[in-house]
Amino acid sequence: MNLITTKTALADYLSLVNDGMCALDFETTSLRPEDGKVRLVSLYNGAHGALVDFDPIPGGFAACASMFQRGEWIVFNAGFELRWFIAAGSPGVACKDVGYLRRAILGGGQYALKQLISWDLGREMDKTEQASDWADPDLTDSQLEYAYNDAVETWDLFQHWYGRADQDHLLAWQMFDDMVPAVIEMEEAGMLLDTHRHDRLIGEWTRIQNSKLAAINDIVTAQDVANVRSDSQWSDYLARLLDDNVIASWPRTEKTGQLSMKGEVLRNAAAQFDVAYPGNPLTTLLDSLADFKKVSKYLSSFGASLLQKAHASPDKRVRARFNIAAAKTGRFSCAGPNLQQIPRDNELLGEATSVRSSFVAAEGRRLVSFDYSGIELRVLALLAEDDQLLTDMVEGDVHSEVAAVIAGHPIDKSTPEGKKARTAAKGVSFGIIYGSGASGLAVNMRTTVEKAEEYIDFWATRYSNAFNYRHLMLAEATKTRRIRCVDGGTIYMGKKPELPQCANYPVQRAALSVMARALIRHKNTLDACRLRGEQAHTKIISTIHDAIIDETLLADASSCLSLMEQDMTDAYLDIFPEAPTERLVEGGVGTSWANL
DNA sequence: AGTCTTCGCGCG
DNA sequence: AAAGCGCGCGAAGACT
């Protein structure tokens, strides 16, 4: 191993790399550039290796970062390395993530380097030095060895996957890597929580929770059910209480076979008891329990935990991780908190509740957002070259067409019944996208299998190409064990591919490809604006699968809106050139997430 | 005391 | 042969 402690020696090594590809790994004194330094950089490209200690170099890593502007740096978890390059004033350094290369070939997932080295190379990594003190002036041989080894393993993993990649895989790889700067922007910006408002909201939920708890305790004692939050205790209690025939038909949980305590099951049972035994306290009990569980969900998932995260940050902003291609299909996942599961405005037990209203723009600013409307049906139409489906998406109304068949006559969207029918009809098209059969659709739409078959037949006749696309994908997966996606990547479908996944993955992936391009374009657009002194305070702050949210100065809001609309439209055309863009996106400006 | 599984449920 | 997709999180309970 070549230990480098001077800038000239680093320059000599970099000339050996000669602008080619080389694995790179940092050891840093903290996890964020704001409160730490890059101590070591390990480098390895198969022919040459080096370990750079920046401690003795005047100016440290920051003084050397620009030397990496040429070359392609193979890393694991590109967002981490790129953050340090950005902090050092070199945002353009090419960090190429070996994990994203793997995802371009196999489909998405979430894993650590150690796991991949074990699964893909069959080697075990010793990570005991990972959390050691990288600020110590005198690093141990073991630390140096560990640091160097990471670059070697990263390189070998890269070779493993690079050798299995075709030209199209490389396009998907590039797409994932290109998303990183936009993701860093979102993760650093975070979303501002109106803590006072949210505090009041929690107070309202708590009052509801207490009243429901009181109603439950009026009927059930602690001897019957010690812990009201325990589904298994409720299952035991009801199993003792109810008649055998009721127990026999009660839905069960999948693994343990307990009585299901889903809200829907409880409410159905309550309604049935109300008919069979009017005035029976069991009706009140089951309804109160369903209410209690609902409000408890809100309190535990969207209450104090969000408030606590906001209070923990000096600017009252909530910062999540957006994990690129963490889902098998390539979609983002989001965690810590998961901002992609914040409830939409709805009625919580008769009262309007809006969690999204607690997410606000800062003083003098606005939130700007667009989303793609019906993106999955659109991309299905384009992937399957189904002109009828595309026409209905662009000019007509797919859901109303299906609703008319269900109703047996044309429906009027302006009436409440018409609206309801249309909403129900959405289930049919989603069922197709999800690869559903008639039985699954029947359950979901609460109708008979015969009716469900009728709906599917209609769909299959009117949109025959889109319907057949599912079977084409199943055939491809059965033959190759992979599905080739619109961005060039492939998804490994296992040894026994199944229709539901084969039907859905390429569609969900295509929607992600469009969003990926949108984020890449929008980040580039905003960066270009900033160079001209425009949109200086605009940040991308979130994406929720088919939507982007920016926060911007009030004065910049309307132009930000136009930029976003254009970027999202252009992104769609990147993936589907020539596709019609009418009614593709809808969005607006607001002071909170709820009023966009 | 920490880790894992199961269930249920929020989102697209 | 049967099959509605993809996530993350909180709580309970089992296990180590």
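As the structure is a computational prediction, the values presented were derived from the model and not from experiment. Chain letters run A, B, ... following the sequence lines, proteins first and then strands; every chain starts at 1. Side chains included, hydrogens not; waters and symmetry mates left out as well; all remaining heavy atoms used.
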Would you indicate which nucleotide in [options] comes nearest to any side-chain atom of [X]?
{"X": "A:F302", "options": "C:dA1, C:dC9, B:dG10", "result": "B:dG10"}
{"X": "A:L499", "options": "C:dG6, B:dG8, C:dA3", "result": "C:dA3"}
{"X": "A:Y434", "options": "C:dC5, B:dG8, C:dC9", "result": "C:dC5"}
{"X": "A:Q341", "options": "B:dC11, B:dG8, C:dG6", "result": "B:dC11"}
{"X": "A:S300", "options": "C:dC7, B:dG12, C:dA11", "result": "C:dA11"}
{"X": "A:R331", "options": "B:dG10, C:dC7, C:dG6", "result": "C:dG6"}
{"X": "A:N338", "options": "C:dG6, C:dC9, B:dC11", "result": "C:dC9"}
{"X": "A:S260", "options": "C:dC5, B:dG8, C:dC7", "result": "B:dG8"}
{"X": "A:K262", "options": "B:dT6, C:dA12, B:dC9", "result": "B:dC9"}
{"X": "A:E254", "options": "C:dC5, C:dG6, B:dC7", "result": "B:dC7"}

Is any side-chain heavy atom of [X] less than 4.5 Å from a side-chain heavy atom of [Y]?
{"X": "A:F359", "Y": "A:L192", "answer": "no"}
{"X": "A:Q233", "Y": "A:V228", "answer": "no"}
{"X": "A:V295", "Y": "A:L348", "answer": "yes"}
{"X": "A:L367", "Y": "A:L596", "answer": "yes"}

Review point. Would the A:Y298 and A:W205 ring centres measure less than 6.0 Å apart?
Key: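 Yes, close enough.
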Practice item. Output the residues of residues 230-237 of chain A in contact with DNA chain C, where contact means a heavy atom of the residue under 4.0 Å from an atom of the strand; sort by number or write none. Key: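 Residues of residues 230-237 of chain A that come under 4.0 Å of DNA chain C are, in numerical order, A:S230, A:S232, A:Q233.
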Review point. Using Watson-Crick pairs (N1 to N3, plus N6-O4 or O6-N4) and G-U wobble pairs, both distances under 3.5 Å, which stems of at least 3 pairs involve DNA chain C?
Key: B:1-12 with C:5-16
Contact class for [X] vs. all strands (heavy atom < 4.0 Å): base, sugar-phosphate, or nothing?
{"X": "A:F332", "value": "nothing"}
{"X": "A:I544", "value": "sugar-phosphate"}
{"X": "A:I342", "value": "sugar-phosphate"}
{"X": "A:K297", "value": "base"}
{"X": "A:G427", "value": "base"}
{"X": "A:D371", "value": "nothing"}
{"X": "A:R356", "value": "sugar-phosphate"}
{"X": "A:P343", "value": "sugar-phosphate"}
{"X": "A:R229", "value": "sugar-phosphate"}

Reckon [X] has a side-chain N or O less than 4.0 Å from the OP1 or OP2 of [N]?
{"X": "A:T256", "N": "B:dT6", "value": "no"}
{"X": "A:T253", "N": "B:dT6", "value": "no"}
{"X": "A:R252", "N": "B:dC7", "value": "no"}
{"X": "A:Q501", "N": "C:dC5", "value": "yes"}

Check your understanding: Say you draw a straight line from CG of A:D386 to CZ of A:R462; how long is it, rounded to the nearest 0.5 Å?
Key ->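 Answer for the CG-CZ pair, A:D386 versus A:R462, is 10.0 Å.
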Check your understanding: According to the ring pair (Phe, Tyr, Trp, His ring centres under 6.0 Å) rule, which pairs have a member within residues 438-459 of chain A, sequence neighbours left out?
Key ->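 Residue pairs passing ring pair (Phe, Tyr, Trp, His ring centres under 6.0 Å), neighbours aside: A:W459-A:Y463.
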